[in-house]
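Quick notes on the structure that follows.
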Amino acid sequence: MRRHPFHFNCRPLLRSRTTTFVCRPSLRTESSQASRIDRITAKLPRRLQKYPNGLRNAPVSHIVSFLILHELTAIVPLLGLFGLFHYTNYIPVSYMTQHFGGYVEEGVGRFERYFKRKGWFGFSKEDTATRDGLDRAGAPLREEEALERWQSGDSRYKVIVEVALAYAITKALLPIRIIGSVWATPWFAGILIKAKGAFKRKP
């Protein structure tokens, strides 16, 4: 009979430990989503930061919807503009390099490294002349050099210039993309909730 109290006192301890362990992933997920919103907000001008700031106290469904919309507003314009430049003769090189040269240069370096790593569009991992976005002297590859190779008829750098221009325009549209994503968040959250409910009802 003396062992009886000891036997019953162990169970609450085990139960409270289990409850604490189950709650941690939810808190970690919410913190991760909030930090992503903070990083996105920091890229905006100060006068526009009030729009996504309201999402910090929003339901999880709204936060997830905003993050999905933010990614879609980056991927869709990037691919659409690249297709426009690639399959037409409309390539606004002079305007973009004059007004958004920093974004163009960033796009050239980023996508050249990515295409070399993947071996796409005629690039190769063994390409030592401009390996990892560097020329033989070790200096970062600039958009002027990419434009010269494009104008000389190098089909690989035709793709690089086109996708870099699409990237620059997408970056320049960031404030409009974020405000549009915030505006559409409640509507998109409703669609996700309905889709989740319909999925759960399936046998």
Side-chain angles (χ1 to χ4, degrees), residues 32-49 51-52 55 63-64 66-182:
S32 175
Q33 291 170 344
S35 64
R36 288 190 63 185
I37 292 178
D38 290 339
R39 288 196 299 269
I40 294 171
T41 303
K43 298 177 182 179
L44 286 173
R46 191 175 297 274
R47 67 181 185 278
L48 299 178
Q49 292 183 359
Y51 294 103
L55 291 170
I63 297 176
V64 172
F66 170 76
L67 295 176
I68 293 174
L69 287 171
H70 178 67
E71 295 301 324
L72 288 176
T73 59
I75 295 172
V76 173
L78 179 65
L79 296 179
L81 289 168
F82 169 67
L84 174 67
F85 299 151
H86 189 72
Y87 294 106
T88 67
N89 293 324
Y90 178 70
I91 305 179
V93 174
S94 58
Y95 178 85
M96 291 303 300
T97 54
Q98 182 178 356
H99 293 85
F100 303 102
Y103 290 158
V104 175
E105 184 170 349
E106 180 182 344
V108 167
R110 171 174 293 189
F111 285 100
E112 185 187 23
R113 288 191 296 269
Y114 183 75
F115 292 161
K116 285 180 179 180
R117 191 164 62 247
K118 295 294 184 178
W120 291 354
F121 301 109
F123 287 98
S124 172
K125 296 179 181 179
E126 290 75 27
D127 187 1
T128 57
T130 57
R131 193 177 185 87
D132 293 330
L134 303 176
D135 61 15
R136 288 189 180 89
L141 187 66
R142 301 179 62 85
E143 80 273 9
E144 292 89 349
E145 299 173 85
L147 290 173
E148 289 176 1
R149 299 181 188 188
W150 166 56
Q151 292 172 348
S152 67
D154 192 332
S155 60
R156 300 175 304 168
Y157 284 90
K158 179 179 185 297
V159 174
I160 289 292
V161 169
E162 291 165 349
V163 73
L165 293 178
Y167 173 83
I169 295 174
T170 304
K171 289 276 287 187
L173 293 175
L174 179 63
I176 297 175
R177 288 167 40 212
I178 292 181
I179 293 175
S181 298
V182 172

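Count residues from 1 along the sequence.
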*Could you give the distance from CZ (Arg149) to CD (Glu112), rounded to the nearest 0.5 Å?*
6.5 Å
*Value rounded to 0.5 Å, distance of CG in Leu79 from CG in Leu84*: 12.5 Å
_Let me confirm one number: the CG-NZ distance from Leu78 to Lys171, rounded to the nearest 0.5 Å._
11.5 Å
*Between Tyr157 and Phe121, does the ring centre distance come in under 6.0 Å?*
no
*In Å, rounded to the nearest 0.5 Å, how long is the span from CG of Leu81 to CG of Leu173?*
8.0 Å
*Can you check whether Leu165 reaches Val104 side chain to side chain, under 4.5 Å on heavy atoms?*
yes
*Nearest non-hydrogen partners of Ala164 and Gly107, listed with the distance*: CB-C, 3.9 Å
*Are the side chains of Val159 and Trp150 in touch, meaning some heavy atoms are under 4.5 Å apart?*
no
*asked:* Measuring from atom CD of Glu71 to atom CG of Leu69, what distance do you get when rounded to the nearest 0.5 angstrom?
replied: 10.5 Å
*Where Pro175 and Ala172 come nearest, the two heavy atoms and their spacing*: CD-O, 3.7 Å
*Relative to each other, are the rings of Phe111 and Tyr167 parallel, tilted or perpendicular (30° and 60° limits)?*
perpendicular
*Mind jotting down which residue pairs meet the salt bridge (charged side-chain N to carboxylate O under 4.0 Å, His left out) criterion with at least one end in residues 158-168? Sequence neighbours excluded, please.*
Lys158-Glu162
*Of all the heavy-atom pairs spanning Phe85 and Ala166, show the shortest one and how long it is.*
CE1-N, 3.8 Å
*Return the set of residues passing ring pair (Phe, Tyr, Trp, His ring centres under 6.0 Å) with Tyr87 (not counting sequence neighbours), or none when no residue passes.*
none
_With side-chain contact (heavy atoms from CB on, under 4.5 Å) as the criterion, how do Ile160 and Phe123 come out once you've worked through the C-alpha distance, each side chain's angles and the decisive distance to 0.1 Å?_
CA-CA 11 Å; Ile160 289 292; Phe123 287 98; 3.7 Å; yes
_Is the shortest side-chain heavy-atom distance between His70 and Leu174 below 4.5 Å?_
yes
*asked:* Taking Tyr95's backbone N and O only, do any of them form a donor-acceptor pair with His99's side chain (distance below 3.5 Å, no angle check)?
replied: yes
*Indicate yes or no: at least one non-hydrogen side-chain atom of Val163 is less than 4.5 angstrom from one of Phe115.*
yes
*Kindly give the heavy-atom pair with the smallest separation between Thr73 and Thr170, and that separation in Å.*
O-CG2, 4.3 Å
*Distance (rounded to the nearest 0.5 Å) between Leu67 CG and Ser181 OG*: 9.5 Å
